[in-house]
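The structure appears below as structure tokens.
To find a chain, count down the sequence lines: A is the first, B the second, and so on, and within it residues start at 1. All heavy atoms count here, side chains included; hydrogens, waters and symmetry mates do not.
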Protein chains: 2
Amino acid sequence: MNAKDYLEQLVKVGEKEDELTPKQAKILETAIEIFAEKGYASTSTSEIAKKAGVAEGTIFRHFKTKKELLFSIVSPVITKFAVPFFATHFVNQVFQEKTPDYEQLLRKLIMNRFEFVKNNIPLLKILLQEMAFHPEIQQSFQEVFRREVFPKFDEAVKYYQKNGKLIAYPSGTIIRFTMTTIIGFLITRFIVMPDEGWKDDEEIDRTIHFLMYGLSIEKSKD
Amino acid sequence: MNAKDYLEQLVKVGEKEDELTPKQAKILETAIEIFAEKGYASTSTSEIAKKAGVAEGTIFRHFKTKKELLFSIVSPVITKFAVPFFATHFVNQVFQEKTPDYEQLLRKLIMNRFEFVKNNIPLLKILLQEMAFHPEIQQSFQEVFRREVFPKFDEAVKYYQKNGKLIAYPSGTIIRFTMTTIIGFLITRFIVMPDEGWKDDEEIDRTIHFLMYGLSIEKSKD
DNA sequence: GCTAAAAGTGAGTAACCACTCATTTATGGT
DNA sequence: ACCATAAATGAGTGGTTACTCACTTTTAGC
């Protein structure tokens, strides 16, 4: 099977989420748990079946291959992570010129994605891990980003640059700084050091402030 | 390849083992190549043996288990990545109060680690990937960081804060912003989008400037 | 040039792998 | 109550896995 067939399959399974058999749901649930913990490659279908309380054959009744099981887990995460990046009511205001402030846009963005990551850690661990070895996932992610996230982000950045609120870097660079800072914060917060007694509100404030004003002492703020 | 560079370094420093037999070296070199490409778990020892032009038994003569092979690849990388973070001649000047400038410290840091990453991509890919599933690697990395990197970094940050050059965040937060920005840049540059025609000098300059002054328009620079 | 240790070999092994299929069980419309 | 269809099963399949071991070859000191 080639990459395109897999991608089609990805979308299909992602769409019909409500029509799941109880056993099917249990299989997905268990697979997510074990994949996140041990990785896709070193998880066996027999282990999933055993822990899900299901016969091994049942897995292959619903998912043609082990790889298809992985993709039906990962594929919905991609869209659910990327699409709402700019789907809030708030962001639309930006493009009606009612919110001339990159800082407030950032705040909405971070708060929004913070909650999402918080509620989907195992899924995001799997996505992060398996993207490296499955070109189909990489491709799907890249497509979704290019289509759903980048254009709006780009538009917003250019708007704020025009209004003299943002530095005149290439907008790709600004997007990169913004995203690596946010993602870096979220990965540190939820994956690298989840047990360090974080004061989330303070750290979010500092992250926003860092993005806007950097690490040098403040001479330009009121 | 980069694998060879790594092996040369290993021999030069002469960590634990005096010298490697040619076959042993070829095994390591080949394992690095395949691990980086397909991941540890989905690489078989027979595949390594075949590609290295060696009998499978030879692998297990030198490395007790497949896991030991992984560790003898990964553990030198940890120290090689972390230790020279503050081992340059330049950094010592900082602590003799001859260089009162976080910006210059950043530049040295980034240039230094930029070259290292550039020359060790497969090794760092393996480290990044396998850290997630091998607590031994995580622990080793954490120890090295806490012992070799953090204390000096912390001292430097506090020194510059005292001199009024750096914002009064907790130094852990400043270190986190600095590192996620640098690592985020390096990952984007060498792993996520290595083929985008980067102007490295410019991007390094912007990265440093972003760290210091953020994304808002410049009011405070000379 | 002898010899003992070290390096290298590859067929063999038990466990495990993803996946199949003939068969049994559950479901829902009439 | 009947039956067509879908869901679920688990023993079985051929292939692969990490690792072993009896054996051969190479190396190095005298």
Next item on the list: Can you sort out the partners of F116(A) under ring-ring contact (aromatic ring centres under 6.0 Å, His included), two or more places apart, ordered by chain and number?
Entry: F81(A)
Checklist line | side chain to side chain donor-acceptor pair (under 3.5 Å) partners for T65(B), two or more places apart | finding: none
Note to self: Rounded to whole Å, please give me the gap between NZ in K64(B) and P in dA7(C).
What the structure shows: 15 Å
Next item on the list: Give the rounded distance in Å between these two atoms: CZ of F60(A) and P of dC21(C).
Entry: 13 Å
Item checked: Between dC19(C) (P) and L69(A) (CG): distance, integer Å -> 10 Å
Notebook entry, point to check: First and last nucleotide of DNA chain D touching chain A, 5' to 3', heavy-atom cut-off 4.0 Å?
Noted result: dA7(D) to dG10(D)
Check: Residues two or more places apart in sequence or in another chain: which of them pass salt bridge (charged side-chain N to carboxylate O under 4.0 Å, His left out) with E148(B)?
Finding: none
Next item on the list: Using the test salt bridge (charged side-chain N to carboxylate O under 4.0 Å, His left out), find all partners of R61(A) that sit at least two apart in sequence or belong to another chain.
Entry: none
Item checked: Qualifying side chain to side chain donor-acceptor pair (under 3.5 Å) pairs with a residue from residues 121-136 of chain B, counting only residues at least two apart or across chains -> E130(B)-H134(B)
Item checked: Pair R146(A) + E143(A), salt bridge at N-O below 4.0 Å -> no
Notebook entry, point to check: Near DNA chain C, under 4.0 Å by heavy atom, which residues of residues 39-48 of chain A?
Noted result: T43(A), S44(A), T45(A), S46(A)
Next item on the list: Write out all pairs satisfying side chain to side chain donor-acceptor pair (under 3.5 Å) with one or both partners inside residues 26-36 of chain A, taking only residues at least two apart or from two chains.
Entry: E33(A)-K51(A)
Next item on the list: State which residues pass salt bridge (charged side-chain N to carboxylate O under 4.0 Å, His left out) with K158(B); sequence neighbours excluded, sorted by chain then number.
Entry: D154(B)
Margin query: Using the salt bridge (charged side-chain N to carboxylate O under 4.0 Å, His left out) criterion, which residues pair with E47(B)? Sequence neighbours excluded.
Written below: K38(B)
Check: Rounding to a whole Å, what distance do you find between K50(A):NZ and dC17(C):C1'?
Finding: 15 Å
Using atom names, set out every protein N or O paired with an N or O of nucleotides 9-13 of chain C below 3.5 Å, distance rounded to 0.1 Å.
residue: dT9(C); atom: OP1; partner: K23(B); partner atom: NZ; Å: 3.1
residue: dT9(C); atom: OP2; partner: A55(B); partner atom: N; Å: 3.1
residue: dT9(C); atom: OP2; partner: T58(B); partner atom: OG1; Å: 2.7

Return all side-chain donor-acceptor pairs below 3.5 angstrom for residues 185-195 of chain A, not counting sequence neighbours, or 'none' if the list is empty.
residue: T188(A); atom: OG1; partner: G184(A); partner atom: O; Å: 2.5
residue: R189(A); atom: NE; partner: D200(A); partner atom: OD1; Å: 2.7
residue: R189(A); atom: NH2; partner: D200(A); partner atom: OD2; Å: 3.3

